[in-house]
Amino acid sequence: MPTGFFTDTTLCIGCKACEVACKQWNQLPSDGYNFTGMSYDNTVQLDASTWRHVAFVERPAPVSEQPVNSFSWLMLSDVCKHCNRAGCLENCPTGAIIRTEFDSVFVQPDICNGCGYCVVGCPFGVIDRNPTDGLAWKCTLCYDRQKAHMEPACAKACPTDSIQFGEIADLRTKAAARIEQLHGQGVSAAYLYGADEASQPGTEGLNAFFLLVDRPETYNLPPNPVAPAKRAGPSWASMAVTSLGLLAAAFGAVASVRGGRR
Amino acid sequence: MSATGITYYDRPVLKEPVWIWTVPAYIFVGGVAGAAMTLGLAVELIGGSRLRAFDERCRWIGAVGGGIGSALLIADLGRKSRFFAMLRVLRPSSPMSIGSWVLATATPLSAGSALLTLQRDGVLRAAGQLAGASAGILGMPLATYTAVLLGNSAVPLWLITRNTMPLLFGASSAASLGSVFDLMRLNREEQSIATRFQLVGRVAELAAAEAVERQACSNERVGRPLREGVSGAIWQAAKVLNVASLVLTIMPGNSKMRRRIAGVCGILGGIAVRFAIFHAGKASTRDPRATFEQQR
């Protein structure tokens, strides 16, 4: 049964409990005590040892039509999207990256040889190679916990249910209801990011989708992510034409010289 | 704020490729090897017995290039001892998987054919010729797949040039092989073949470079690294070196020294093409606006 996350950013309070729970359960090393000076975000990005990242956007505009404030906080707990068409998985030459029985995308650390091709294949900049052990790492959607019928650590720790875990079909229903509710409350900007193939054909939908109230770019999400292999066709065709050109040049060079000698 | 001006504290969206210098170096060496295998096929089939030594030379360049290329690729792996995992599966959606199989098949075939055709005749020689022909077929994708590999990514500059890059890499491979021959002692007939092959490749390379640049700069932000910074400088150097090599090659007269200088220019130009594309791609991932503007 496909499972995943519905991350409702309107409920996020930026507590970073998800980051901590993820680090703790997955035994990921600390990122160090870095002060970026950009808002409350000192985690900065998802990487090989950071699988949840809370983005903080300080926006000089109200969140709804209610003119109570000319400022709004937007917070989003970012995570691997576990795309239905996953660029990392399609690029992986070793078969280390697989799709699990929960429909999540999982890197098998005993097979990965650290070629780095998944890193350039991800249109979200999620997966990364750990410089210490040389392997590619990212969110496993708590594959081990799911195996034991437990929900992922981040969703378990989230105090506001901004991160909801469940079966994708259920999450979509919940998300649609939430959008309706928000629109009713005057938050007309609320929309779903990557909830299905229709709204995000490039990835054919995300198993970890989001409710946003501003453009994707605001949260550092790509507006139109595409799994690279989806549009590689013309590139392969160009390669085929070039290959034949190479062959023709080779035969032409030999034939012209041989012919001239006769 | 304009729609395209929004970023998240100017932080990049994408991860910069983790690949080191050995990757563009491989793209050059593997390309030369692939072109050599393909030229070897033509020499084997229609070259006649007088060109046997040249055929053999093509195969050795293919085998040695494939070997060095494999070593360069393994050097880049995060876990080098697991290089064999590249041949664990064949994944058609991954150009790297296909390329690994091509490289791992063509290299021993080329080496085997070079060794076996040392025999004057007999079954072994026939087997060697068959191996050489197979390597020649595989040489074509070997010289060009690296462009599909780069283009099959989220890296803005590689993505936007994915249809012209194969032409650039393929043509550059042919031209670079010709330049490698410029540094070798060849007889008159061999030299004319190498020069003609080189000229076709070089002219196509210069045209393809123009096409790649135009395609890249169809989005100002995405194409910027080909015009500015270190990658832009390498790109310009590549053009100058390749034009210099072309001019030196077509100049009338028969000076050995000039041929050597043309060869060095051509080789450096071919290397610069790969490094420019490589570093420009890396630079484009560091710019979130390049990522966003390409998708809007």
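Small disclaimer: the values here were computed from a predicted structure and weren't measured. What's counted below: heavy atoms across the whole structure, side chains too, no hydrogens, waters or symmetry copies. Below, read A as the first sequence line, B as the second, and so on, with proteins coming before strands; counting in each chain starts at 1.
Using a 4.5 Å cut-off between heavy atoms, Val126(A) contacts chain B through its backbone alone, with no side-chain atom that close. With a threshold of 4.5 angstrom between heavy atoms, Trp158(B) approaches chain A through side-chain atoms but not through N, CA, C or O. The parts of Tyr145(B) that come within reach of chain A are both its backbone and its side chain, each placing non-hydrogen atoms under 4.5 angstrom from that chain. Only the side chain of Ile98(B) comes within contact range of chain A, judged by heavy atoms closer than 4.5 Å. Residue contact with chain B, scored on non-hydrogen atoms closer than 4.5 Å, involves the side chain of Leu135(A) exclusively. When heavy atoms are compared at a cutoff of 4.5 Å, Val200(B) approaches chain A solely by way of its side chain, counted from C-beta outward. The contact between Cys122(A) and chain B is made entirely by backbone atoms, counting heavy-atom distances below 4.5 Å. Interface remark: Leu87(B) contributes no atoms to any contact with chain A (heavy atom separation under 4.5 Å). In this structure, chain B has no heavy atom under 4.5 Å from any part of Asp214(A). At a 4.5 Å heavy-atom cutoff, the contact between Ala143(B) and chain A is made by side-chain atoms alone. Looking at Gln294(B), there are no atoms closer than 4.5 Å to chain A (heavy atoms on both sides), in backbone or side chain. Contact annotation for Pro12(B): only backbone heavy atoms (N, CA, C, O) come within less than 4.5 Å of a heavy atom of chain A. Of the two parts of Leu51(B), only the side chain, counted from C-beta on, holds a non-hydrogen atom closer than 4.5 Å to a non-hydrogen atom of chain A. For a residue to count as touching a neighbouring chain, one of its non-hydrogen atoms must lie under 4.5 Å from one of that chain's; by this rule Arg91(B) touches chain A with the side chain only. Only the backbone of Phe124(A) comes within contact range of chain B, judged by heavy atoms closer than 4.5 Å. Looking at Asn130(A), there are no atoms closer than 4.5 Å to chain B (heavy atoms on both sides), in backbone or side chain. Only the backbone of Leu221(A) has a heavy atom closer than 4.5 Å to any heavy atom of chain B. Neither the backbone nor the side chain of Ile74(B) comes within less than 4.5 Å of any heavy atom of chain A.
In this structure the side chain of Leu76(A) never reaches within 4.5 angstrom of the side chain of Phe56(A), judged on heavy atoms. Inter-residue side-chain proximity for Met86(B) and Ser97(B) is flagged as unmet; no heavy-atom pair is nearer than 4.5 Å. Counting only heavy atoms from C-beta outward, the side chains of Ile13(A) and Met75(A) never approach each other to under 4.5 Å.
Across every non-hydrogen atom of Ser284(B) and Ala290(B), the tightest pair is O-CB, 3.8 Å.
Comment: Lys230(A) does not engage Glu90(A) in a salt bridge, judged by the lack of any side-chain N to carboxylate O separation of less than 4.0 angstrom. A salt bridge links Arg221(B) with Asp287(B); the closest basic N to acidic carboxylate O contact falls under 4.0 Å. Asp31(A) has a carboxylate O that lies under 4.0 Å from a charged side-chain N of Lys23(A), or vice versa, which qualifies the two as a salt bridge. Here Arg202(B) pairs with Glu205(B) in a salt bridge; the nearest charged N to carboxylate O distance falls below 4.0 Å. Under 4.0 Å is where a charged nitrogen must lie from a carboxylate oxygen, and between Asp133(A) and Arg79(B) no such pair does.
The most heavy-atom pairs under 4.5 Å with chain B, out of Val226(A), Asn91(A), Val119(A), come from Asn91(A). Per-residue counts of heavy-atom pairs under 4.5 Å with chain A were compared for Val23(B), Leu150(B), Leu39(B); the largest is that of Leu39(B). Ranked by heavy-atom pairs shorter than 4.5 Å toward chain A, the options Val148(B), Leu199(B), Leu14(B) are led by Val148(B). Of the listed residues (Pro225(A), Gly87(A), Gly134(A)), the one with the most heavy-atom contacts under 4.5 Å to chain B is Gly134(A). Comparing Ala171(B), Ser94(B), Ala208(B) by how many heavy-atom pairs each has under 4.5 Å with chain A, the most go to Ser94(B). Among Ala227(A), Ala96(A), Ala229(A), the residue with the largest count of heavy-atom pairs under 4.5 Å with chain B is Ala229(A). Your options are Pro288(B), Pro141(B), Ser100(B), and the one with the most heavy-atom pairs under 4.5 Å with chain A is Pro141(B). Most heavy-atom pairs under 4.5 Å with chain B: of the set Gly116(A), Pro223(A), Pro131(A), this distinction falls to Pro223(A). Between chain B and the residues Ser39(A), Gly121(A), Ala237(A), the most heavy-atom pairs under 4.5 angstrom are made by Ser39(A). For the options Thr291(B), Leu159(B), Val155(B), Thr195(B), heavy-atom pairs under 4.5 Å to chain A are most numerous at Leu159(B). Interface remark: of the candidates Pro92(B), Gly170(B), Gly99(B), Ala85(B), Ala85(B) forms the most heavy-atom pairs closer than 4.5 Å to chain A. Comparing Thr218(A), Thr36(A), Asp128(A), Ile111(A) by how many heavy-atom pairs each has under 4.5 Å with chain B, the most go to Ile111(A).
Between Tyr8(B) and His53(A), the ring planes are perpendicular. Angles over 60° get that label, and only those under 30° would be called parallel.
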Might you work through the side-chain contact (heavy atoms from CB on, under 4.5 Å) test for Leu142(B) and Met37(B), ending with a clear yes or no? CA-CA 9 Å; Leu142(B) 184 59; Met37(B) 292 174 194; 3.9 Å; yes
Go through it in stages, so that I can follow the logic: the residues are Thr203(A) and Arg85(A), the test is side-chain hydrogen bond (donor to acceptor under 3.5 Å, both in side chains), and I'd like the CA-CA distance, side-chain angles, deciding distance and then a yes or no. CA-CA 5 Å; Thr203(A) 60; Arg85(A) 275 292 293 266; over 6 Å; no
Go through the steps to decide whether Asp47(A) and Lys15(B) satisfy the test salt bridge (Lys or Arg N to Asp or Glu O under 4.0 Å), and finish with yes or no. CA-CA 9 Å; Asp47(A) 60 33; Lys15(B) 289 279 176 290; over 6 Å; no
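A donor atom on one side chain and an acceptor atom on the other are found under 3.5 Å apart for Thr7(B) and Asp10(B). Side-chain polar atoms of Glu19(A) and Thr43(A) form a donor-acceptor pair below 3.5 angstrom.
Aromatic ring centroids of Trp21(B) and Tyr26(B) lie 6.0 Å or more apart. The ring of Phe181(B) has its center closer than 6.0 angstrom to the ring center of Phe54(B).
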